[in-house]
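Note that this is a predicted model, so its numbers are computed, not measured. Residue numbering restarts at 1 for every chain, and letters A, B, ... go by the order of the sequence lines.
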Amino acid sequence: MLTDKFSFIFEKELIEEICLSGKLGNFSAADVLIDLGQRIEYIPLILSGSIKIMTEDKEGNELLLYYLELGDTCAVTLNCCSKASNSTIRATCETDCQLVFIPAEKLEEWMVSYKSWRNFILQSYHERLGEMLNAVDVLAFDNMEERLYKYLKNKVLVNGNPDLQVTHLEIANDLHSSRVVISRLMKKLELDGKIRQHRNRIEFLEMIS
DNA sequence: ACATTAATTGTGT
DNA sequence: ACACAATTAATGT
């Protein structure tokens, strides 16, 4: 079953190895996979669903970094792993999801023995770095309304569903903002016809695929 | 079906 | 940012 999802990127020998040493895990939405300060022992590979990666500052304000989806692995975790340090992030399930955990020591082992693995790791670093630069850009230069709009759009994409189950407060935490600000901007977006809101639920109109 | 309560959202200062 | 008002959902009776 791993084969159908990864045969395009890994050779069969490597897939067999993954089956041998990887642990399969099923989680449901809102489960916390890794919390701040936890020791990293496994590298996750996403089979289905999506995962939200965030940091937190000392005041307890959260900031959304990015989402992981099918075929992704977490670049920050890779980094923590090779340095044998603790997690600087928190990972929670955005939706129900299924993943494979790969023991950290296999990381280096496979880096040497499998070309496709090495490429995969480098590729994820590359993609993630690009995304992060973009995120920093948006953070630094875009106004809140723009950030909020992009946040919602991205969430719809990740969820594959234009009905979002979130409260204004949750959004505010993700965006490192306050609830009141979000409420006001949401009102604006609703009046602009980009969104329709109900309690605990937001419909994203104008879906582009 | 109704009343109570808790949580979410709206608004004025 | 804060306080409070209004609205809605959840729960028990």
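A:V136 belongs to no hydrophobic cluster with other residues, because no ILVMFWY side-chain heavy atom falls under 4.5 Å from its own, directly or through intermediates. Through chains of ILVMFWY side-chain contacts below 4.5 Å, A:L33 is grouped with A:F27, A:I34, A:I40, A:Y42, A:I46, A:I51, A:I53, A:L65, A:Y66, A:L68, A:V76, A:I89, A:L99, A:F101, A:M132. By the 4.5 Å side-chain criterion applied to Ile, Leu, Val, Met, Phe, Trp and Tyr, A:L205 is assigned to no cluster and stands alone. Taking Ile, Leu, Val, Met, Phe, Trp and Tyr as members and joining any whose side-chain heavy atoms lie under 4.5 Å apart, directly or through other members, A:L129 forms no hydrophobic cluster with any other residue.
Residues A:F120 and A:L45 have side chains in contact (heavy-atom distance under 4.5 Å, counting atoms from C-beta outward).
Residues from residues 173-180 of chain A that place a heavy atom under 4.0 Å from any atom of DNA chain C, listed by number: A:S178, A:V180. Across residues 187-196 of chain A, A:K187 each have a non-hydrogen atom less than 4.0 Å from an atom of DNA chain B (numbered order).
Heavy-atom contacts of chain A under 4.0 Å fall on DNA chain B between two terminal nucleotides, which in 5' to 3' order are B:dA7 to B:dG12. Taking every nucleotide of DNA chain C with any atom under 4.0 Å from a non-hydrogen atom of chain A, the first and last of them, 5' to 3', are C:dA1 to C:dA9.
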Step-by-step side-chain contact (heavy atoms from CB on, under 4.5 Å) determination, A:L47 to A:F6: CA-CA 9 Å; A:L47 294 184; A:F6 287 101; 3.3 Å; yes
Carefully, step by step, assess A:E56 and A:L63 under the rule side-chain contact (heavy atoms from CB on, under 4.5 Å). CA-CA 6 Å; A:E56 200 173 80; A:L63 176 63; over 6 Å; no
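Taking the six-membered ring for Trp and the full ring otherwise, the centers of A:Y149 and A:F204 sit less than 6.0 Å from each other.
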Could you tabulate the donor-acceptor pairs under 3.5 Å formed by side-chain atoms of residues 154-164 of chain A, not counting sequence neighbours?
from   : atom 1 : to     : atom 2 : distance (Å)
A:K155 : NZ     : A:E94  : OE2    : 2.7
A:N159 : ND2    : A:E94  : OE2    : 3.2
A:N159 : ND2    : A:K155 : O      : 3.3
A:N161 : OD1    : A:D163 : N      : 2.9

Mind listing the side-chain donor-acceptor pairs of residues 109-116 of chain A below 3.5 Å, one per line with the distance, residues two or more places apart or on another chain?
from   : atom 1 : to     : atom 2 : distance (Å)
A:S113 : OG     : A:E109 : O      : 2.9
A:Y114 : OH     : A:E17  : OE2    : 3.0
A:S116 : OG     : A:E11  : OE1    : 2.2

Quick one: side chains of residues 179-190 of chain A, donor-acceptor pairs under 3.5 Å with protein atoms, not counting sequence neighbours, listed by atom name and distance.
from   : atom 1 : to     : atom 2 : distance (Å)
A:R179 : NH1    : A:S183 : OG     : 2.8
A:S183 : OG     : A:H168 : ND1    : 2.9
A:S183 : OG     : A:R179 : O      : 3.3
A:E190 : OE1    : A:Q197 : NE2    : 3.4
A:E190 : OE2    : A:Q197 : N      : 3.4

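Remark on DNA chain B: of its neighbouring residues A:R199 and A:R184, the 5'-side contact belongs to A:R199, judged by nearest-heavy-atom nucleotide.
Evaluation of the salt bridge (charged side-chain N to carboxylate O under 4.0 Å, His left out) test over residues 25-50 of chain A, restricted to residues two or more places apart or in two chains, returns A:D35-A:R90.
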